[in-house]
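This report refers to the structure that appears directly beneath it.
Just so we're clear, the structure is a prediction, and the values are computed from it rather than from any experiment.
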Amino acid sequence: MNTLLLHCRPGFEGEVCAEIAEHAGRLQVAGYAKGKPGTAYAEFICSEAGGAERLMSELRFNRLIFPRQWARGSFVELPESDRISVLLAHLADFPSCGSLWLEVLDSNEGKELSNFCKKFEAPLRKALSKAGKLLEDGHKPRLLLTFLSGRQVFVGLAEANNSAQWPMGIPRLKFPREAPSRSTLKLEEAWHTFIPREQWDQRLSDEMTGVDLGAAPGGWTYQLVRRGMLVTAIDNGPMAESLMDTGLVQHLMVDGFTWKPRQPVDWMVCDIVEKPARSAALLETWIGEGLCREAVVNLKLPMKQRYAEVRRLLQRLEEAFAARKIKVSIACKQLYHDREEVTCHLRRLGK
Ligand SMILES: C[S@@+](CC[C@H](N)C(=O)[O-])C[C@H]1O[C@@H](n2cnc3c(N)ncnc32)[C@H](O)[C@@H]1O
């Protein structure tokens, strides 16, 4: 029970290791992180009893940047047949759980295992319920089984309110056919990730205004328009005609790094491919000067030390807002639809 398993985008195992090791050091949880490039997961192996549980109770999952999902537990080897008996025996010392998710990693092997999991789930669910291990209760921990193969599974626990919202941290969003680009899903996922659903009507309302910097062809603008907002789209490139036809979009062919609105707006979103420090500085200006109340900005990460770079930029933002004496909530996550990048959400609090 003393290993923390963390799912991630393949290629970001090193970032997850750096991030979890930093937190563990700060919280004085002894252990070490390891992750093989390309495997889509990393582990933090705790050297003292209860270490993984302590890490999970001290950390908020949604404050972690690179992990997509996490669970505390251990690896179990499974036989070719009657895997359920072996799992039940392993779970003998576990508390009863409130829900069950069967997960795979975001790798080719993982994709191949999805069918196996689908077939295995129903009989397993039945056996667990019969053994009193699964009670369908949202307050009890979630049982997370991450299959690395048909013969090896990580059997873990996580609190339902302190782990991924979706199995494997992957939202199943449907691409809207009318959207002009696939990156529309990035902004939609950002909203699901950073804004509680019950606040959408208030914080993404049709009485709001938004600015989309680097907007063309309009995938992000589409999301703002879909919420009924009036949008200023900044880009030298062309915007999709379907968006311009809505009458809700004003398209300006100017530089997104120097243009400023005459009146403050509710939302600023930015998906320009630029050095992350420059995009972070843009956030500092827009939120710091009160040009917008909330912002979603992508930080592109073409460099090697990606976790270190993101931490440095987030810290710089925190210091800048502290110096201006303004309260800002800052969140940052590598979303499923993000590639070599992370998405930041900032919200100015108070007046
Ligand atoms: C990744 S694309 C944006 C895609 C858009 N979010 C969508 O969903 O369709 C980046 C855009 O930023 C624009 N861009 C690059 N530098 C810019 C700048 N300095 N000011 C405004 N737009 C810029 C590019 O023309 C390009 O259209």
Side-chain angles (χ1 to χ4, degrees), residues 183-184 186-188 190-191 193-195 199-216 218-237 239 243-244 246-300 310 312-333 341-351:
S183 58
T184 195
K186 255 194 278 181
L187 186 56
E188 188 178 346
W191 285 343
T193 304
F194 300 120
I195 307 179
Q199 294 179 18
W200 280 34
D201 284 349
Q202 177 208 338
R203 286 169 60 184
L204 296 166
S205 104
D206 58 5
E207 287 169 13
M208 291 184 158
T209 50
V211 167
D212 184 356
L213 302 175
W220 287 29
T221 295
Y222 171 84
Q223 291 293 337
L224 298 165
V225 164
R226 186 146 91 154
R227 300 297 305 175
M229 290 187 208
L230 275 180
V231 184
T232 308
I234 308 287
D235 203 306
N236 275 330
M239 293 294 289
L243 278 175
M244 300 311 297
T246 62
L248 293 175
V249 182
Q250 182 191 21
H251 179 194
L252 301 179
M253 292 184 164
V254 289
D255 181 7
F257 283 98
T258 50
W259 181 85
K260 287 182 183 178
R262 283 206 196 97
Q263 296 286 328
V265 294
D266 297 291
W267 277 92
M268 182 274 274
V269 297
C270 174
D271 187 24
I272 298 177
V273 182
E274 241 309 336
K275 288 194 184 70
R278 199 160 179 225
S279 302
L282 196 69
L283 265 172
E284 187 190 326
T285 305
W286 277 71
I287 292 278
E289 294 181 10
L291 302 178
C292 65
R293 179 166 277 275
E294 293 198 48
V296 168
V297 172
N298 236 243
L299 300 183
K300 314 289 171 187
V310 175
R312 188 176 70 80
L313 295 174
L314 293 178
Q315 182 145 3
R316 197 194 279 177
L317 281 171
E318 278 168 22
E319 288 166 3
F321 297 136
R324 286 178 191 258
K325 297 192 173 32
I326 57 171
K327 277 202 174 149
V328 179
S329 92
I330 305 177
C332 178
K333 195 95 194 154
E341 60 201 337
V342 291
T343 299
C344 293
H345 169 251
L346 275 75
R347 184 183 186 205
R348 195 165 164 151
L349 304 170
K351 279 277 158 206

Would you mind listing every salt bridge (charged side-chain N to carboxylate O under 4.0 Å, His left out) that reaches into residues 222-232, with sequence neighbours excluded? E188-R226, D201-R227
For S183, the side chain to side chain donor-acceptor pair (under 3.5 Å) test, sequence neighbours excluded, returns S181
E319: which residues meet the side-chain contact (heavy atoms from CB on, under 4.5 Å) condition with it, sequence neighbours left out? Q315
Looking at CG of L187 and CG of L224, how far apart are the two atoms once the value is rounded to the nearest 0.5 Å? 6.0 Å
Just wondering, do V254 and I234 contact through their side chains at under 4.5 Å, heavy atoms? yes
Sequence neighbours excluded - side chain to side chain donor-acceptor pair (under 3.5 Å) pairs with any residue from residues 204-213: T209-D266, D212-T221
Show the atom names and distances, to 0.1 Å, of all donor-acceptor pairs under 3.5 Å that link a side chain in residues 322-332 to residues at least two apart or in another chain.
none

Under the salt bridge (Lys or Arg N to Asp or Glu O under 4.0 Å) rule, collect the residues that match up with K300, sequence neighbours excluded. D271, E341
Taking side chain to side chain donor-acceptor pair (under 3.5 Å) as the test, write out the residues that go with T343, two or more places apart. N298, D338
Give, for atom CE of M253 and atom CE of M239, the distance between the pair rounded to the nearest 0.5 Å. 10.0 Å
Heavy atoms only: give me the nearest W220-V269 pair and the separation to one decimal. CE3-CB, 3.6 Å
Give me the atom names and distance for the closest heavy-atom approach of M268 to C292. CB-SG, 3.8 Å
Supply the atom-to-atom distance R278 CZ to L299 CG, rounded to the nearest 0.5 angstrom. 14.0 Å
Between G237 and D235, what is the shortest heavy-atom contact and its length? N-OD1, 2.7 Å
Looking at CZ of R293 and CG of L346, how far apart are the two atoms once the value is rounded to the nearest 0.5 Å? 13.0 Å
Not counting sequence neighbours, which residues clear ring pair (Phe, Tyr, Trp, His ring centres under 6.0 Å) with F321? List them please. none
Can you tell me which residue pairs pass the side chain to side chain donor-acceptor pair (under 3.5 Å) test with a partner in residues 249-263, sequence neighbours excluded? K260-E289
Minimum heavy-atom distance A233-A215, with the two atoms named: CB-CB, 3.7 Å
With sequence neighbours excluded, what pairs up with I195 under the side-chain contact (heavy atoms from CB on, under 4.5 Å) test? W191, Q199, W200, R203, L204, W267, E294
What side-chain donor-acceptor pairs closer than 3.5 Å can you find for residues 280-287, not counting sequence neighbours?
from, atom 1, to, atom 2, distance (Å)
T285, OG1, A281, O, 3.0

A277: side-chain contact (heavy atoms from CB on, under 4.5 Å) partners, not counting sequence neighbours: L313, R316
